[in-house]
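Hydrogens, waters and symmetry mates are skipped; everything else that's a heavy atom, side chains included, is used.
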Amino acid sequence: MARRAIVVGAGIGGLAAARVLRDAEFEVRVFERAADLRPEGAGVSLWPNAVRVLRGLDLAEKLPSAGVFSADSGLRRWDGRLLAPTDPAEVERRYGAPMLLLQRTTLHEALLADGVGGLIKTGAEAVRVSESDAQAKVELRGGEAFEADLLIGADGVHSKVRAGLLNDGPPRPSGLLAYRAIVDSPPLEIGLGEYWGAGRVFGLVPVDGGRLYWFATRRASPGEPPEPDPIPGLLERHRGWAPEIGAVVEATPPVEVMRHDLLDRRPSLRWVGTRTALLGDAAHPMLPFLGQGACQALEDAQALGQSLRGAADVAAALRDYEARRRRRVARIVVGSRLMGQLAHLRAAPLRALRDRGLALTPEAVRMRQLDSIVGRP
């Protein structure tokens with residue numbers, strides 16, 4: 001009789017987990033609280049470490065042509081001056097895989113392929129979870145309850161599974177606010193990458209379909225009320241920046257702009273129970289400034305499959321999964337917060353020192369710094 005697994009959450013991490021659990025010969029069900037499977041978010045940058053996971057799932061070659069950074073992409077000053085270029089050809093040569101720049105819906109659809117979509121029950125909100133030595137249990141809003149040999153919490157930064165397993169309170173605010181959207185590329189020369197200014201960051205990323213993903217982050221008080229129309233404020237805050245930024249913002253319908261407080265958690269020593277494990281943002285929410293949120297969720301799924309494949313003792317396999325992942329992810333959570341603080345410096349002397357340091361750092365040094373994040377094959 002096949003062992004049963006329940007995955008709570010049908011985002012990138014949850015769908016990847018469903019695929020690896022199915023391959024590990026579990027009978028899988030996925031519960032998604034949304035009424036349909038529209039993924040949240042706009043664009044996603046998949047560094048080579050994530051692409052290697054997708055290759056292991058036989059998905060990388062099935063994705064459409066991704067957006068491509070040019071050789072003069074990278075970190076820029078607010079006025080467009082390039083400080084630290086990132087050459088995509090060198091990234092692929094060094095790490096054995098390219099960087100893929102995609103609309104989040106594109107990756108989501110690829111993960112749903114090969115019958116995974118048939119495993120999902122939508123409109124299924126988990127409200128309570130519990131576990132014993134023998135079983136895990138999920139109760140849904142409306143009263144239905146389900147038991148399984150394994151429960152995976154992939155239900156995001158406000159995870160109900162985490163609350164049931166760890167009861168360690170809400171995530172911590174970063175003091176940063178993000179805006180995101182995808183638009184058609186405007187007819188002007190675009191400086192791709194991130195622009196760093198006084199307490200603000202703006203990013204321009206090409207994605208599949210010939211479109212452009214942009215994001216803007218700024219310092220803000222937690223819970224700051226949203227603007228009825230975010231466009232005027234974005235234009236005012238980036239007045240005098242490189243001209244492509246204003247052009248991209250003006251080309252964006254207000255209804256397309258997503259707005260989120262950025263949250264994370266201090267690295268946790270515990271992710272698993274006897275029959276329950278956390279994955280992705282439920283386990284280790286991180287700020288986006290190393291571009292590793294989706295990448296680490298995919299790595300989690302890969303490690304989970306490796307730990308469970310052929311394992312007779314689920315609890316021991318979950319402890320192995322936790323041990324494989326905890327130290328690496330803790331470094332990236334901490335590094336992402338530090339990078340966010342560096343990017344959002346306000347004081348002019350500190351920003352000048354930062355920018356000069358970036359401009360003077362040789363590419364070889366910057367690539368070695370990237371090794372600990374992306375990992376060489």
Co-members of F31 in a cluster of I, L, V, M, F, W and Y side chains, linked at under 4.5 Å: I6, V8, V129, V138, L140, F146, L151, V161, L165, L166, L278
Tell me whether R33 at atom CZ has more than 12 heavy atoms from other residues, nucleotides or ligands lying less than 6.0 Å away. no
Set of side-chain contact (heavy atoms from CB on, under 4.5 Å) partners for V68, sequence neighbours left out: none
Identify whether the distance between the nearest side-chain nitrogen and carboxylate oxygen of K160 and E125 falls below 4.0 Å. yes
Decide yes or no on side chain to side chain contact (heavy atoms under 4.5 Å, CB included) for R77 and W241, but give the supporting numbers first. CA-CA 9 Å; R77 213 169 65 166; W241 287 41; over 6 Å; no
Has R172 got more than 12 heavy atoms of other residues, nucleotides or ligands less than 6.0 Å from its CZ? yes
Answer yes if the side chains of E227 and Y179 hold a donor-acceptor pair under 3.5 Å, and no otherwise. yes
Check the side chains of D79 and Y195 for a donor-acceptor pair under 3.5 angstrom, ignoring hydrogens and angles. no
Give a yes or no on whether Q341 atom CD has more than 12 heavy-atom contacts from other residues, nucleotides or ligands under 6.0 Å away. yes
Taking R22 first and then D114, would you say they form a salt bridge - that is, a charged N and a carboxylate O separated by under 4.0 Å? no
To the nearest 0.5 Å, what is the distance between CG (L345) and CZ (R351)? 8.0 Å
Donor-acceptor check, side chain of S159 to backbone of D155, threshold 3.5 angstrom: yes or no? no
dist S336:OG -> D264:CG (nearest 0.5 Å) comes out at 8.0 Å
Check ion pair R319-E322 (N to O, under 4.0 angstrom): no
Given the rule that I, L, V, M, F, W and Y join up when any side-chain heavy atoms are under 4.5 Å apart, are L82 and L358 in one cluster? no
So V257 and I231, do their side chains get closer than 4.5 Å, heavy atoms only? yes
Euclidean distance, E194 CD relative to T217 OG1, rounded to 0.5 Å: 7.5 Å
Between the side chain of S73 and the main-chain N/O of T86, is any donor-acceptor distance below 3.5 Å? no
Any donor-acceptor pair under 3.5 Å from T106 side chain to L102 backbone: no
SB check R275 D133 (cutoff 4.0 Å): no
Any sub-3.5 Å donor-acceptor pair from R354's side-chain atoms to A343's backbone N or O? yes
When you compare the side chain of L262 with that of L177, does any pair of heavy atoms fall below 4.5 Å? no
Can you see whether R325 engages Q296 through a side-chain donor-acceptor pair at a distance of less than 3.5 angstrom? yes
Atom CZ of residue position R356 - does it have more than 12 heavy atoms of other residues, nucleotides or ligands inside 6.0 Å? no
Whether H238 and F202 hold their rings parallel, tilted or perpendicular, with breakpoints at 30° and 60°: perpendicular
Between H158 (side chain) and P171 (backbone), is there a donor-acceptor pair under 3.5 Å? no
Under the criterion side-chain contact (heavy atoms from CB on, under 4.5 Å), which of V51, V20, V53 is the partner of L298? V53
Lys/Arg N to Asp/Glu carboxylate O, R93 vs E90, below 4.0 Å: yes
I'd like to know if D371 and R94 make a salt bridge, using a cut-off of under 4.0 Å between side-chain N and carboxylate O. yes
Separation between CD (E109) and CD (Q103), nearest 0.5 Å, reads 9.0 Å
Check whether any side-chain heavy atom of T274 sits under 4.5 Å from a side-chain heavy atom of S132, and report yes or no. no
Out of curiosity, does M99 fall in the hydrophobic cluster containing L75 (side-chain heavy atoms, cut-off under 4.5 Å, transitive links)? yes
Without swapping roles, check the side chain of R128 against the backbone of G164 for a donor-acceptor pair under 3.5 Å. no
Distance only, no hydrogens: is a donor on one side chain within 3.5 Å (strictly under) of an acceptor on the other, for R324 and Q306? yes
Nearest 0.5 Å please: distance from the CG atom of L176 over to the CZ atom of F289. 5.0 Å
With the 4.5 Å side-chain cut-off for hydrophobic clustering, are V183 and I245 part of the same group? yes
State whether a side-chain donor-acceptor pair under 3.5 Å links E32 with T122. no
Using only heavy-atom distances, determine whether the side chains of D300 and H284 contain a donor-acceptor pair under 3.5 Å. yes
Derivation and outcome, salt bridge (Lys or Arg N to Asp or Glu O under 4.0 Å), residues R219 and E224: CA-CA 11 Å; R219 293 188 177 276; E224 180 180 305; over 6 Å; no
Going through the checks in order, is the side chain to side chain contact (heavy atoms under 4.5 Å, CB included) test met by R331 and I373? CA-CA 9 Å; R331 288 198 306 267; I373 300 168; over 6 Å; no
For the CD atom of E61 and the CG atom of L63, what is their distance to the nearest 0.5 Å? 8.5 Å
Please check if the distance between the ring centroids of H260 and F215 is under 6.0 Å. no
Tell me whether M339 is reachable from L263 by hopping between hydrophobic residues (I, L, V, M, F, W, Y) whose side-chain heavy atoms are closer than 4.5 Å. no
Under a 3.5 Å distance rule, please check whether R265 uses its side chain to pair with a backbone N or O of A282 as donor and acceptor. no
Please identify which of these residues, L304, T276, V28, V30, meets the side-chain contact (heavy atoms from CB on, under 4.5 Å) condition with I152. L304
Under 3.5 Å donor-acceptor, R200 side chain and R237 backbone: yes
Joint cluster assignment, M286 & L338, ILVMFWY side-chain distance < 4.5 Å: no
Indicate yes or no for a side-chain donor-acceptor contact from D87 to the backbone of A71 under 3.5 Å, with no hydrogens or angles considered. no
Electrostatic pair R328-E299, nearest N-O below 4.0 angstrom: yes
Taking all non-hydrogen atoms of both residues, which atom of G246 and which atom of L235 are closest, and how far apart? O-CD2, 3.7 Å
Indicate yes or no: at least one non-hydrogen side-chain atom of S268 is less than 4.5 angstrom from one of R326. no
Indicate yes or no for a side-chain donor-acceptor contact from R337 to the backbone of L287 under 3.5 Å, with no hydrogens or angles considered. no
